[in-house]
Asks: 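The structure is given below, and queries will be raised subsequently.
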Amino acid sequence: PVQTTTTTTTTPVQTTTTTTTTPVQTTTTTTMPPTRPVQTTTTTTTTTTTTPEPDEPEQEPECKANGDCDNGIYCDGEERCEGGFCRGGNRVECQGGQACDDDARQCVPLPCSTTEDFESGKADGWTTGGDCEEGSFVVDKPTKQQDKGVVTQVEGDHTTGNGYALFTQPNKRPGKHDIDGGQCTATSPSYSVPVPSIASVSYFFGQRDGGDDRNGDYFKLEMSIDGGNAWTAMKTYGDVRRNAKWETATADVPNGEVIF
């Protein structure tokens with residue numbers, strides 16, 4: 001027998017498979033419409049029912065003319081008739097130192113709370129001063145003095161004509177005892193003024209010669225409402241020829257002041 005030998009060689013085959021994967025990027029865009037605000041309106045309706053009142057009877061006119069409204073009181077003003085009905089008037093306003101008087105139907109001076117007439121023969125509370133070489137203020141009965149046709153001093157006081165007054169030293173004869181070589185002053189005491197008032201001062205001033213003094217003669221009547229710090233002229237005369245006579249100077253004084 002023949003022996004046969006068969007040899008088979010198998011070479012394995014290696015197979016390699018390569019897979020390449022490319023990633024894919026996906027973008028998704030979503031568009032939404034804008035959100036609109038929602039407005040909510042609530043309407044409340046209120047119904048009011050009014051029951052009409054019965055008509056009042058028409059009033060009769062109470063006046064036809066202003067005289068129908070006069071209440072007989074002067075100081076509360078003149079009443080008026082307007083549209084058949086009376087209307088009150090505007091109260092009467094008076095100037096300082098005066099008050100409305102219904103009986104007199106006018107503004108009248110308030111009674112003086114302080115009066116100084118020097119009838120006691122004294123000037124209590126008054127002070128005198130100045131630097132005059134001749135003359136001074138005194139309380140006495142003035143006697144008439146006249147020189148070259150000019151009255152330099154009056155006869156008597158301003159009330160009775162035979163009373164006392166505060167004035168510069170009485171002339172015994174012309175040119176004597178008058179004010180010379182400076183100024184003489186007389187200052188009153190202080191007076192409290194509780195209501196609007198009028199200060200009233202009676203005075204006289206006489207001078208024979210005008211313009212003959214190198215320093216200039218003068219007369220001043222002044223008032224102070226601030227304790228003597230400032231003075232306001234009530235009457236002033238310069239270096240002029242003038243006949244003396246009683247006259248009156250006035251000035252309004254506010255309430256609550258203290259005057260000199």
Side-chain angles (χ1 to χ4, degrees), residues 97 114-191 197-253 257-260:
T114 300
T115 301
E116 179 58 79
D117 56 14
F118 305 106
E119 290 306 319
S120 66
K122 298 179 180 180
D124 293 333
W126 287 71
T127 58
T128 59
D131 58 1
C132 52
E133 296 175 359
E134 293 184 23
S136 63
F137 279 90
V138 296
V139 176
D140 208 328
K141 294 182 178 182
T143 57
K144 183 178 179 179
Q145 295 295 325
Q146 185 171 335
D147 185 25
K148 297 181 180 180
V150 179
V151 177
T152 56
Q153 185 171 282
V154 298
E155 180 73 30
D157 67 351
H158 75 289
T159 52
T160 66
N162 191 40
Y164 288 88
L166 174 68
F167 61 108
T168 54
Q169 204 165 35
N171 292 153
K172 300 304 180 183
R173 57 190 178 92
K176 296 296 182 180
H177 307 299
D178 55 350
I179 303 299
D180 281 314
Q183 66 177 11
C184 283
T185 62
T187 305
S188 74
S190 62
Y191 303 104
S197 304
I198 296 178
S200 177
V201 181
S202 296
Y203 70 94
F204 70 83
F205 169 66
Q207 181 166 295
R208 185 191 65 186
D209 302 318
D212 65 332
D213 191 297
R214 66 178 182 272
N215 296 320
D217 293 328
Y218 63 87
F219 169 86
K220 289 183 180 180
L221 179 59
E222 300 176 304
M223 179 181 71
S224 173
I225 61 173
D226 65 353
N229 294 314
W231 296 86
T232 302
M234 296 177 69
K235 203 67 180 180
T236 301
Y237 296 101
D239 193 4
V240 296
R241 181 184 177 99
R242 194 169 193 281
N243 283 290
K245 61 180 179 178
W246 280 112
E247 299 178 82
T248 301
T250 61
D252 292 331
V253 182
E257 301 293 347
V258 176
I259 71 167
F260 287 90

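Worth saying up front: this structure is predicted, and the values here are computed from it rather than measured.
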Asks: Could you tell me whether the side chain of E116 reaches within less than 4.5 Å of the side chain of D124, counting heavy atoms only?
Replies: no
Asks: Roughly how far, to the nearest 0.5 Å, is OG of S224 from CD of E257?
Replies: 9.5 Å
Asks: So which atom in F118 and which in A123 form the shortest heavy-atom distance, rounded to 0.1 Å?
Replies: CE2-CB, 3.9 Å
Asks: Step by step, would you call Q153 with T168 a side chain to side chain contact (heavy atoms under 4.5 Å, CB included)?
Replies: CA-CA 10 Å; Q153 185 171 282; T168 54; 5.7 Å; no
Asks: Taking atom types as modelled and ignoring hydrogens, do the side chains of T159 and D157 form a donor-acceptor contact shorter than 3.5 angstrom?
Replies: yes
Asks: Heavy atoms only: give me the nearest K220-Y218 pair and the separation to one decimal.
Replies: CG-CD1, 3.8 Å
Asks: Kindly indicate, with the supporting measurements, whether the criterion side chain to side chain contact (heavy atoms under 4.5 Å, CB included) is fulfilled by F167 and D140.
Replies: CA-CA 8 Å; F167 61 108; D140 208 328; 4.0 Å; yes
Asks: Measuring from Q183:CD to D131:CG, what's the distance to the nearest 0.5 Å?
Replies: 5.5 Å
Asks: Using the test ring pair (Phe, Tyr, Trp, His ring centres under 6.0 Å), find all partners of W231 that sit at least two apart in sequence or belong to another chain.
Replies: none
Asks: Can you name the residues that form a ring pair (Phe, Tyr, Trp, His ring centres under 6.0 Å) with Y237, not counting sequence neighbours?
Replies: F205
Asks: For the residue pair R241 and V150, what are the closest heavy atoms and their distance?
Replies: NH2-CG2, 3.0 Å
Asks: What's the spacing between T152 OG1 and K144 NZ if we round to 0.5 Å?
Replies: 10.0 Å
Asks: Any luck finding a side-chain donor-acceptor pair between Q146 and N243 under 3.5 Å?
Replies: no
Asks: For the pair K235 and V201, evaluate side chain to side chain contact (heavy atoms under 4.5 Å, CB included) and give the outcome as yes or no after the intermediate values.
Replies: CA-CA 10 Å; K235 203 67 180 180; V201 181; over 6 Å; no
Asks: With sequence neighbours left out, write down each residue that passes side chain to side chain donor-acceptor pair (under 3.5 Å) with S188, or none if nothing qualifies.
Replies: none
Asks: Check A199 against M223 and note the closest heavy-atom contact, atom names and distance.
Replies: CB-SD, 3.9 Å
Asks: What's the shortest heavy-atom distance between G163 and P142, and which atoms?
Replies: O-CD, 4.1 Å
Asks: Out of curiosity, Q145 CD to E155 CD, how far, rounded to the nearest 0.5 Å?
Replies: 9.0 Å
Asks: In Å and rounded to the nearest 0.5 Å, what is the OH to CZ distance from Y203 to F219?
Replies: 6.5 Å
Asks: Between W246 (side chain only) and V154 (backbone N and O only), is there a donor and an acceptor less than 3.5 Å apart?
Replies: no
Asks: So does Y164 have more than 12 non-hydrogen atoms from other groups sitting under 6.0 Å from OH?
Replies: no
Asks: What distance separates E222 CD from T185 OG1, expressed to the nearest 0.5 Å?
Replies: 10.5 Å
Asks: Should I198 and D252 be marked as a side chain to side chain contact (heavy atoms under 4.5 Å, CB included) after you check the CA-CA gap, both sets of side-chain angles, and the distance that decides it?
Replies: CA-CA 5 Å; I198 296 178; D252 292 331; 3.6 Å; yes
